[in-house]
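These notes are about the structure you will find just below.
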Amino acid sequence: KPARFMQKVGCHKDHFDAWAARLLGQGYAVARVEETARREGGGSKAEGAKGKGGIIEREVSAIYTPALDRGLTREEAARFLLALAEVPVRVDEAGADEGADEGAVEIGVALVDADAGEIVVGGFVDSPARDALATLLAVFEPREVIASRTRTNKGSLTAPTLAALRRRAADLPDGCAFRFVERGGARAPEFTPEDTLAALAHFGGVDRRSPRERLPEALRDAGEVAFEALAYAVRHLAWTGAAAETLCQGRFRKLLVGTE
């Protein structure tokens with residue numbers, strides 16, 4: 001069944017890299033589909049006589065995105081994938097952050113440099129103007145942002161955050177692609193920190209048999225909203241097929257706001 005978020009176009013295999021690089025530069029994700037087998041059947045005798053009969057089997061061999069191009073564009077600078085999650089900071093309830101302004105939010109961050117195998121994880125409370133987020137975007141200049149559109153009050157981004165992202169994307173010379181973890185109209189599944197740790201273990205990023213205190217510091221200190229953002233990043237890496245090669249290096253670093 002065709003997915004609503006995909007389109008199909010063909011080119012000669014010798015020209016794939018050039019055309020894929022052009023599409024990546026425009027913010028698209030590109031899947032490479034290759035013929036894997038050809039078998040008889042599925043066509044009329046007339047088609048078979050003309051060499052057009054038979055069934056051609058094809059499979060996706062690789063998925064490239066602006067931040068996960070696997071060296072296809074041959075750019076030397078880091079191409080960061082930024083996963084963001086957001087929850088409101090309630091200043092009018094007991095136990096809320098007394099130093100937060102009305103309209104402030106807690107933002108969870110997972111920054112992935114796939115070429116280096118490094119993942120920066122953390123979070124911060126930001127003002128209604130999203131000043132801290134603007135600083136983060138200026139420092140890392142992500143090529144791709146992953147967020148959720150259905151995880152309301154659990155991770156989905158609000159209008160001020162989306163506006164800050166669009167403003168910064170307009171300032172970047174190569175732009176910034178926006179993508180959602182929901183694809184084809186489906187809702188995002190539930191993400192818990194334990195689910196995310198299990199996914200990291202599956203791809204070789206952590207050893208789930210070890211006690212929590214032996215996890216990398218960035219994961220030990222990460223809050224729920226930071227784990228939510230990390231879940232988006234892992235899900236996207238898995239979709240592109242880059243999860244194992246990126247996460248198996250286990251290079252997790254703690255986000256230090258203002259000092260990166």
Side-chain angles (χ1 to χ4, degrees), residues 21 24-29 64-69 71 73-89 97 99-149 155-181 217-219 221-223 225-234 236-237 242 246 251-260:
L24 291 173
Q26 297 177 45
Y28 290 99
Y64 307 87
T65 73
L68 304 170
D69 69 356
T73 58
R74 298 179 175 84
E75 290 189 15
E76 295 183 0
R79 302 168 67 84
F80 284 104
L81 166 71
L82 170 62
L84 290 175
E86 174 187 322
V87 294
V89 174
D97 190 339
D101 299 323
E102 185 174 354
V105 293
E106 182 182 355
I107 294 179
V109 172
L111 272 155
V112 180
D113 180 352
D115 292 337
E118 185 171 76
I119 302 96
V120 180
V121 183
F124 51 85
V125 173
D126 207 353
S127 68
R130 305 301 188 262
D131 296 322
L133 176 61
T135 299
L136 180 81
L137 297 172
V139 170
F140 289 98
E141 295 189 348
R143 292 299 310 275
E144 192 171 6
V145 174
I146 307 297
S148 169
R149 67 169 100 219
S156 296
L157 304 184
T158 56
T161 303
L162 290 170
L165 288 168
R166 293 191 182 99
R167 285 195 300 270
R168 183 56 191 164
D171 294 335
L172 293 174
D174 295 317
C176 179
F178 291 87
R179 231 170 292 284
F180 294 98
V181 292
E217 181 184 8
L219 299 180
D221 295 345
V225 68
F227 264 107
E228 179 86 5
L230 182 57
Y232 301 167
V234 173
H236 188 64
L237 287 167
T246 302
R251 299 180 60 189
F252 295 93
R253 187 156 60 92
K254 186 176 179 180
L255 175 69
L256 303 176
V257 180
T259 61
E260 289 288 339

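Quantities reported herein were computed from a predicted structural model and do not represent experimental measurements.
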- Where Val121 and Ala226 come nearest, the two heavy atoms and their spacing: CG1-CB, 4.2 Å

- Task: Using the salt bridge (Lys or Arg N to Asp or Glu O under 4.0 Å) rule, collect all pairs that involve residues 114-136, keeping only residues at least two apart or in two chains.
- Result: Glu86-Arg130, Glu118-Arg251, Glu118-Arg253

- Is a side-chain donor or acceptor of Ser156 paired with a backbone partner of Ser148 at a separation under 3.5 angstrom? yes

- Approximate separation, where rounding is to 0.5 Å, of Leu24 CG and Tyr64 OH: 9.0 Å

- Message: If I compare all heavy atoms of Leu230 with all of Ile119, which pair ends up nearest, and what's the gap?
- Response: CD1-CG2, 4.0 Å

- Message: So which atom in Pro66 and which in Arg143 form the shortest heavy-atom distance, rounded to 0.1 Å?
- Response: CB-O, 3.8 Å

- To the nearest 0.5 Å, atom CG of Asp221 lies from atom NZ of Lys254 at 4.0 Å

- Query: Could you give the distance from SG (Cys176) to CD (Glu144), rounded to the nearest 0.5 Å?
  - Reply: 8.0 Å

- Message: Using every non-hydrogen atom in the two residues, find where Ala177 and Gly27 come nearest and quote the distance to one decimal.
- Response: CB-O, 3.6 Å

- Value for CG (Leu133) from CG (Leu157), rounded to nearest 0.5 Å, stands at 8.5 Å

- Heavy-atom closest pair, residues Ala83 and Ala229: CB-O, 3.2 Å

- Query: Do Leu84 and Val109 touch side chain to side chain, with heavy atoms closer than 4.5 Å?
  - Reply: yes

- How would you list, by chain and number, every residue that makes a ring pair (Phe, Tyr, Trp, His ring centres under 6.0 Å) with Tyr232, sequence neighbours excluded? Phe191

- Might you point out which heavy atoms bring Leu165 and Phe178 nearest each other, and give the distance in Å? CB-CE2, 3.4 Å

- Note on the structure: In this structure, CG of Leu162 is separated from CZ of Arg167 (nearest 0.5 Å) by 11.0 Å

- Query: To the nearest 0.5 Å, how far apart are CZ in Phe140 and CG in Leu255?
  - Reply: 6.5 Å

- Task: Quick one: list whatever passes side chain to side chain contact (heavy atoms under 4.5 Å, CB included) with Ala242, sequence neighbours left out.
- Result: Arg70, Leu237, Thr240, Glu245, Thr246

- Could you check His236 against Leu68 for side-chain contact (heavy atoms from CB on, under 4.5 Å), going step by step and ending with a plain yes or no? CA-CA 10 Å; His236 188 64; Leu68 304 170; 3.8 Å; yes

- Side-chain heavy atoms of Leu82 within contact of Leu136, under 4.5 Å: yes

